[in-house]
Amino acid sequence: MAKNAATRVAELRQEIRRLDHLYYVEATSAVSDLEYDKLLEELKSLEQQHPELQSSDSPTQRVGDAPVEHLVQVEHRVPMLSIDNTYSREDLAAYFERTEKQLEGESIQWVMEYKIDGVAASVRYEEGLMTLALTRGNGNVGDDITHNIRTVRDLPLRTTGKNAPKVLEVRGEVYMTNSDLADLNVRQADAGQEAYKNTRNVTAGTIRLLDPSVAAERNLRFFCHGVGETDGLKAKNHIEFLDEVGKLGIPPTPHVKLLKDSKAALDAVALLEEEMPDLPFEVDGIVFKVNNFAQRERLGIRSKSPRWLIAYKFERYEAVTTLQTITVQVGKTGTITPVANLVPVEIADTTVSRASLHNADEIERLDVREGDTVVVEKAGKIIPKVVRVEKHERKGDLPKFEFPTHCPECGTPLVRDEGGVYIRCPSPACPAQLRQRLVYFGSRPGMDIDGLGEEVVDLLISHDLVHNYADLYRLTQDQVNGLVWPKKRKGKDGEQIDVAFGERNAAKLIKGIAETKSRGLARLLSSISIRHIGPSVARILTAEHPSFDQLCQASIEDLAGIHEIGDAIAKSIHEFCHSDYGRDLFAQFKDVGLDLTQPQVATGDGVFAGKSIVVTGTLKQYKRDEIKQLIVQHGGRASGSISKSTDFLVAGEKAGSKLKKAEELGIKILSEDEFKAMIES
Ligand SMILES: NC(=O)c1ccc[n+]([C@@H]2O[C@H](COP(=O)([O-])OP(=O)(O)OC[C@H]3O[C@@H](n4cnc5c(N)ncnc54)[C@H](O)[C@@H]3O)[C@@H](O)[C@H]2O)c1
Ligand SMILES: [Zn+2]
């Protein structure tokens with residue numbers, strides 16, 4: 001075993017050194033960062049399991065950069081370290097937990113920043129004058145790149161303001177914007193030279209050139225995100241530091257957020273992820289840092305990275321391909337999304353043939369046209385998107401994309417959301433919206449239909465069994481039994497076997513649907529995706545107009561006159577009631593036996609207020625519907641099945657499995673008489 005491990009360790013070290021050389025010296029990469037980090041992780045864990053194999057020159061112990069021969073090497077006064085990284089939220093959470101343990105009993109504020117995908121540099125100011133700029137090198141010794149850093153226009157040669165610190169070494173990222181890269185690539189093409197793949201590669205290559213005029217032309221930029229040797233700095237934490245350097249005229253890293261604890265930090269990841277696609281520069285992740293300098297000191301350093309910060313990296317991959325056509329899709333609630341249909345291209349082991357273009361404004365912004373060469377990116381779990389157009393490769397004058405004016409599915413004229421960027425199909429009968437709507441109809445906040453989830457909805461639609469909500473109530477056991485799932489099962493000999501929906505599931509589904517017939521008008525109205533009509537609005541409307549017919553008789557003024565009902569709601573419900581679609585749908589609902597009235601109760605009142613009650617067995621004094629009505633009238637919810645959240649079971653004669661289950665769960669059981677006594681009390 002140890003022998004195998006030794007071989008593998010040697011193999012890994014050799015491969016990682018090769019990749020390091022390509023990455024740091026030649027400024028290219030043979031594999032993705034994720035793949036590289038996996039190799040490094042494997043090496044680390046082998047070295048941990050086999051301490052005898054550890055060695056100080058292993059790539060796990062060193063910061064990767066290597067000096068360039070023709071440049072002058074200078075020792076760092078304070079080492080420039082690496083950052084430990086993770087690709088998963090679980091690991092990130094585990095890191096926060098570890099750090100909190102190390103600083104037991106203290107509260108830790110976290111700073112969240114983008115991890116700019118550029119090249120690290122340390123820039124030294126003495127008495128306000130830029131004196132030296134170094135690459136990170138191997139962390140202890142870097143290359144002198146002062147001549148190139150002087151060309152970075154957003155870095156001052158002399159700091160602004162009065163009280164310049166005696167010594168200030170700012171650490172940060174030299175980077176290039178995406179549009180500068182696009183311009184550069186146009187110039188490259190004009191000169192008959194190859195395009196640069198990404199901004200980081202160009203930047204890494206440029207800052208180490210001897211002739212500074214190239215760097216000047218390429219418009220490099222800088223963000224400060226850290227600090228090296230200092231004398232005379234006032235800041236006690238990172239936020240103060242960024243503020244202080246900003247006042248000196250040095251650009252601090254942007255979009256910084258201060259989070260009060262690790263929970264807030266985890267929640268905030270989504271904020272930066274959301275803004276990411278709109279940034280003018282590349283980022284490859286998010287960095288979290290302990291804000292307080294004294295706490296950083298106490299946390300200290302491990303082999304090659306400080307303990308007080310971590311990089312949460314995105315798996316990010318790019319590819320260049322041709323955009324053949326742009327089509328539009330009708331999505332959730334009618335939103336129209338443009339989609340790029342691409343010449344299939346491999347990105348991160350998957351073949352990508354479609355990518356999102358988000359909305360009409362995005363098409364405008366990218367100025368993307370059918371036939372263009374485009375850069376497609378797949379970052380993390382995000383769906384692939386078109387990040388930019390290689391305009392210099394556009395052949396001739398391609399026509400601009402015309403956004404459709406009518407829904408491609410149902411032909412209804414499209415409308416732009418008030419004030420929004422989205423264009424929607426406003427037709428409630430649009431078949432493209434059917435799936436989303438049925439899924440919501442069956443969900444908990446909707447009609448809460450037992451057994452009707454996304455997959456079942458898909459199955460029913462694909463077999464052409466439902467075209468609207470009412471069709472659900474027309475389904476028969478026979479129709480559903482034999483439905484076959486799209487995914488097959490593997491048999492003993494590897495053969496593909498059909499999986500049928502099955503009798504039990506079918507019975508359960510039909511029963512689950514039927515049980516919702518008595519949910520009442522309010523629930524029904526808020527389940528069928530009428531604009532502005534959610535559960536509470538529906539309850540208010542039906543309290544005033546307790547049947548669908550009464551609701552239809554109300555004028556817009558009547559409706560808008562109801563307390564808490566505004567004009568937009570009044571208009572929306574009125575329009576619905578008087579539309580062909582609305583009338584027809586409710587005629588069908590009536591036809592299949594849905595209760596289109598709302599029992600009158602002061603919500604939250606009555607003996608059963610907030611309680612869930614199930615009825616079972618044969619009752620002597622009440623009909624089923626009657627007792628359910630009574631439950632609702634007394635503030636309760638009549639439910640079909642027993643669960644932990646059931647409060648009472650009303651058990652008549654010959655009560656069977658439900659009674660047994662209720663007993664097992666310790667649910668209070670009421671006889672008919674007890675029930676009667678309660679509502680009459
Ligand atoms: N694909 C390959 O072949 C290959 C080869 C070698 C290295 N790599 C990648 O490089 C990584 C190792 O490089 P590294 O040690 O430079 O780590 P790193 O690049 O992942 O992170 C450290 C650097 O992030 C920069 N940074 C950007 N924004 C920052 C911010 N807001 N705050 C702090 N720092 C910020 C700093 O300059 C710092 O030096 C590997 O984990 C791998 O992902 C890839
Ligand atoms: Zn439509």
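Atoms within a ligand are numbered from 1 in the order they appear, just like the ligands themselves.
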Proximity to ligand 1 by part of E35, non-hydrogen separation under 4.0 Å = neither
With the side chain counted from C-beta on, respond yes when T99 and I108 share a heavy-atom pair under 4.5 Å apart, and no when they do not.
-> yes
Could you tell me whether a side-chain N or O of D154 sits under 3.5 Å from a main-chain N or O of F222, the two making a donor and an acceptor?
-> yes
Is there a donor-acceptor contact under 3.5 Å linking the side chains of S305 and D84?
-> no
With heavy atoms of S82 as the reference, note each atom of ligand 1 found under 4.0 Å away.
-> 14 (P), 15 (O), 17 (O)
Provide the number and element of each atom of ligand 1 under 4.0 Å from a heavy atom of K289.
-> 30 (C), 32 (N), 33 (C)
Test item: N291 and W110 side chains (from C-beta on) under 4.5 Å apart, heavy atoms | no
Full working for salt bridge (Lys or Arg N to Asp or Glu O under 4.0 Å) between E454 and R435 | CA-CA 8 Å; E454 278 183 42; R435 177 182 186 272; 3.2 Å; yes
Does ligand 1 have an atom under 4.0 Å from some heavy atom of K313?
-> yes
From CG (L12) to CD (Q14), nearest 0.5 Å | 10.5 Å
At a cut-off of 2.8 Å, list the protein N/O/S atoms near the Zn ion (ligand 2), residue plus atom name.
-> C407 SG, C410 SG, C425 SG, C430 SG
So R200 and D284, salt bridge (Lys or Arg N to Asp or Glu O under 4.0 Å) or not? Walk me through it.
-> CA-CA 10 Å; R200 197 192 61 79; D284 62 344; over 6 Å; no
Please could you name the atoms of ligand 1 that E173 approaches to less than 4.0 Å, counting only its heavy atoms?
-> 25 (C), 26 (N), 27 (C), 36 (C), 37 (O)
Contacting atoms of ligand 1, where contact means under 4.0 angstrom from a heavy atom of D20 = 6 (C)
Taking only distance into account, with no hydrogens and no angle test, what donor-acceptor pairs under 3.5 Å do side-chain atoms of residues 242-256 form with protein atoms, sequence neighbours excluded?
residue : atom : partner : partner atom : Å
D243    : OD2  : K247    : NZ           : 3.0
E244    : OE1  : K234    : N            : 3.3
E244    : OE1  : A235    : N            : 2.8
E244    : OE2  : K234    : N            : 3.0
H255    : ND1  : E275    : OE1          : 2.8

Point-to-point distance, once rounded to the nearest 0.5 Å, from CZ of R89 to CG of L266 | 5.5 Å
Within the distance-only criterion (no hydrogens, no angle test), does the side chain of E15 pair as donor or acceptor with the backbone N or O of R13 below 3.5 angstrom?
-> no
Within-shell test, F223 vs ligand 1, heavy atom, strictly < 4.0 Å = no
Report the part of N85 in contact with ligand 1, treating N, CA, C, O as backbone and CB onward as side chain, heavy atoms under 4.0 Å; options are side chain, backbone, both, neither.
-> side chain
Of N178, T177, T199, the one forming a side-chain hydrogen bond (donor to acceptor under 3.5 Å, both in side chains) with E282 is N178
What are the atoms of ligand 1, with element, lying closer than 4.0 Å to any heavy atom of A120?
-> 37 (O), 39 (O)
Please could you name the atoms of ligand 1 that I83 approaches to less than 4.0 Å, counting only its heavy atoms?
-> 22 (C), 24 (O), 33 (C), 34 (N)
Taking the six-membered ring where the residue is Trp, are the ring centres of F223 and Y175 under 6.0 Å apart?
-> yes
Give the single entry among I116, D37, V256, V119 that approaches atom 40 (C) of ligand 1 most closely by any heavy atom.
-> D37
Which residue from K115, E15, E113 reaches closest to atom 21 (O) of ligand 1 through any of its heavy atoms?
-> K115
